[in-house]
Every structure is written in structure tokens, then in C-alpha cells.
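The structure under discussion appears below in the form of C-alpha cells.
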Amino acid sequence: MDQGNNSRVTEFVLHSLSGPREIQLFYFAFFTLFYSSTVLGNLLIVLTVLSEPALHTPMYFLLSNLSFIDVCLSTFAAPKMIVDFLKEHKTISFEGCMAQIFFHHAFAGGEMMLLVALAYDRYVAICRPLHYAAIMSVRKCTGLVVGSWLIGVLHSVSQLVFIVNLPFRGPNQVDSFFCDLPLVIKLACTDTYIFEKLMFLDSGLIAMSSFVLLLISYTVILVTVRQSSASMAKAWATLTAHVTVVSLFFGPGIFIYAWPFSSFLVNNILSIFYVVFTPLLNTIIYTFRNKEIISAMQKLSREQVSS
């Protein structure tokens, strides 16, 4: 950090998964493979949806956008973590730390809104099938995606605006592999009680409102499905996939923000699961179990081979 009593922290030290050199190299190889699979898998889904006219439907439009935002969510911190496994000193500049906080909340907030949009799409498809085409128009779907990104960015700006000017003069040790807001804010050299409450209220508002909307839509869908015949088996399978993804996405995040100062190991494991593993699991659960997606991918592969 800069010299002097009023010096400002210029970098933060990140605490990633520790261990001897051999273990660090194993982590490097393992997370490189996992991250590469996440990016390639999600980009393949986006390419497949764009190239296959049969998939130009509201649900797949929203799913392709979810895949894209999953790439973003896994990229804001995972590459830095992977490179740090090869370094003895794992540091990040102050500006880089603030950028990680911004992108983390922008992408996570946007994904929450996209999950709500997907739930709304399934609600209309199952509960109002005769009006589905009229309700889920191109304009409506575009508005849902743009609105998701805007809400994510506004949420992130509202989180960042009250932390960027806090006095950070030391310590500068972040108990995570990336700059997670609850862990960074406690390093400020001032009473952060009010800022912590604002942070929890802000994050809690977007998380809880999204979660409540999801619960309401899934409850209505469940009631509709249970009252229907076996022809709704496909809808039930799709709904199960949605609920699984929502649980995997919200579960670790809620724990981290409800108990932000719990043990380093627990926070790090949940953060890695939330940032690194969940985007790939979303891909597997949402799409790679989907026969239409698999068929379209096989068709795209044959076309590439024959061309």
C-alpha cells in the first residue's frame, strides 16, 4: 500500500485454496478443465440456439441468454483464481477488486432476473397455453432479457457506490479467492455497520423478491400440473430441472450473505461452487438433458463435418 498514515490500500491479498505445490498444480488443472467445460458448453448452447430455427422459441431464447450470462458469471473470477494457483503471492489491485465486485453483482443480479423470466415463461406455457404465442412475443422476450441486464447493473452500481470511497488503509487480506463484497467491506477503516445493513438490504431485496416470485410461479405451475393428465409429464420434467437450478443458484448465495463471516473454508467452498460449478451444472440440468437441444447439436455437428 502507499506510504504514510493516510495511505490507501492499492492491492488486496486473496486467500485461495491452499496446499503444497503439487496440490496447487492439481487445483490448476482441475479448475482449468472445469472452467473450460463451462465456457465451451454454454457457448455451444448459444451457438446451437442461434443456428437452429426450430429452437427460435421464447424458452430457448431465454435459455441461450442464461447460458451467456453463466459464461460471464464464471469468467469474472475463475480465470484469476486459476492463474493464482501458479503464483506464490495472490494479489489483486484495488481497481481490479472493485471491478470484480461490480461484475459479480451485475451478472448474479441479471441471472436472478433471467431465472424469474424463465419461470414466467413456463407459467404461461403450462397455465395459459392457448395464449402463449401472444403473451411471449418477441418484444416481450427481448424486454425480459434487457430488463434482467438493467436490473443487474443497477443493483451492482447501488452496491458499489457506497464502498468505493470507503477508507481502505489496511488490513488488506480477503478471505476468499475473489473480492466478495461482505468480506471486502469489513476491511474498511471505519464503522461499517450502516454499510453492511445497506448491503444486506440491497442484496436481500433483489434475492428475496426474485425467490418469492419464483416460489409463487412454481407453486401455481405445480398445482396446474398435478391437476392435469399424464400429457403434462414433459412439463413436470422441465419444472423439476428449473427448481433444481434455482436451488443450486440461490442456496450457496443465501448462505454466504446470511452468514458472511463464517469460517474461511466454508465460505471458500460455497463461493467456488456458486461461481465455478453452478454455471456448468445449469448447462447440464437445463439443456444437455433436453432432447431438442441434443438433436440440434447433433445436426449442427453433422453440418460442420459435411461442410
Side-chain angles (χ1 to χ4, degrees), residues 14-17 26-50 62-87 90 92 96-115 117-118 145 148-149 151-153 155-156 159 174 176-181 183 203 206-207 210 241-242 244-257 267-289 293:
L14 302 175
H15 290 183
S16 188
L17 296 176
F26 169 77
Y27 287 151
F28 172 81
F30 175 77
F31 285 107
T32 297
L33 177 62
F34 218 98
Y35 172 70
S36 301
S37 300
T38 299
V39 173
L40 292 175
N42 280 290
L43 290 181
L44 178 59
I45 291 168
V46 174
L47 178 62
T48 301
V49 172
L50 289 176
L62 294 174
L63 279 177
S64 64
N65 278 277
L66 180 66
S67 292
F68 178 74
I69 206 169
D70 273 335
V71 171
C72 297
L73 186 61
S74 63
T75 299
F76 88 92
K80 167 68 175 168
M81 176 189 70
I82 291 169
V83 172
D84 280 346
F85 286 130
L86 301 178
K87 295 181 178 180
K90 307 173 187 354
I92 186 171
C97 184
M98 295 301 109
Q100 279 195 342
I101 291 174
F102 172 81
F103 288 119
H104 177 208
H105 287 271
F107 298 144
E111 178 144 344
M112 288 181 191
M113 294 299 101
L114 271 177
L115 289 173
L118 277 163
V145 171
S148 297
W149 280 100
I151 291 174
V153 170
H155 162 66
S156 186
Q159 293 283 64
V174 180
S176 181
F177 66 94
F178 74 99
C179 287
D180 201 0
L181 182 57
L183 301 178
S203 294
I206 188 171
S210 301
H242 283 231
T244 303
V245 168
V246 168
S247 301
L248 291 173
F249 182 79
F250 279 90
I254 290 173
F255 185 91
I256 290 171
Y257 277 80
N267 265 338
N268 236 10
I269 291 175
L270 286 175
S271 295
I272 288 173
F273 184 86
Y274 174 73
V275 174
V276 181
F277 293 160
T278 301
L280 181 59
L281 294 176
N282 286 357
T283 303
I284 296 171
I285 294 170
Y286 258 134
T287 53
F288 285 164
R289 295 172 64 250
I293 284 283

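All residue numbers in this chain count up from 1 along the given sequence. Note that the coordinates shown come from a computational prediction; the quantities given were computed from them, not determined experimentally. We use all heavy atoms of the structure for the numbers below, so side chains are in, but hydrogens, waters and symmetry mates are not.
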Nearest 0.5 Å please: distance from the [atom1] atom of [X] over to the [atom2] atom of [Y].
X: F31; Y: S74; atom1: CZ; atom2: OG; value: 13.0 Å
X: L63; Y: I293; atom1: CG; atom2: CD1; value: 7.0 Å
X: S210; Y: L115; atom1: OG; atom2: CG; value: 8.0 Å
X: L14; Y: D180; atom1: CG; atom2: CG; value: 11.0 Å
X: L181; Y: C97; atom1: CG; atom2: SG; value: 9.0 Å
X: H105; Y: M112; atom1: NE2; atom2: CE; value: 9.0 Å

Under 4.5 Å between any side-chain heavy atoms of [X] and [Y], yes or no?
X: V46; Y: N42; value: no
X: L66; Y: L118; value: yes
X: L47; Y: S64; value: no
X: C72; Y: F68; value: yes
X: I101; Y: M98; value: yes

Which residues share a side-chain contact (heavy atoms from CB on, under 4.5 Å) with [X], sequence neighbours left out:
X: L43; value: V39, V71
X: I151; value: M113, I206
X: L86; value: L25, F28
X: A77; value: Q100, F177, F178, V275

I'd like to check the salt bridge (Lys or Arg N to Asp or Glu O under 4.0 Å) partners of K90; sequence neighbours left out, ordered by chain and number. none

Summary of side-chain hydrogen bond (donor to acceptor under 3.5 Å, both in side chains) pairs that have at least one residue in residues 28-39, sequence neighbours excluded: Y35-T75

So does F102 get a backbone contact from the side chain of S156, meaning a donor-acceptor N/O pair under 3.5 Å?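 Side chain of S156 to backbone of F102, a donor-acceptor pair under 3.5 Å: yes, one is there.
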
For residues 31-48, pull every pair meeting salt bridge (Lys or Arg N to Asp or Glu O under 4.0 Å), keeping only residues two or more places apart or in separate chains. none

Restricting to side-chain hydrogen bond (donor to acceptor under 3.5 Å, both in side chains), what partner residues turn up for N65, sequence neighbours left out? none

Results of ring pair (Phe, Tyr, Trp, His ring centres under 6.0 Å) for F34 - residues two or more places apart only: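 Partners of F34 by the ring pair (Phe, Tyr, Trp, His ring centres under 6.0 Å) criterion, ordered by chain and then number, come out as F30, F277.
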
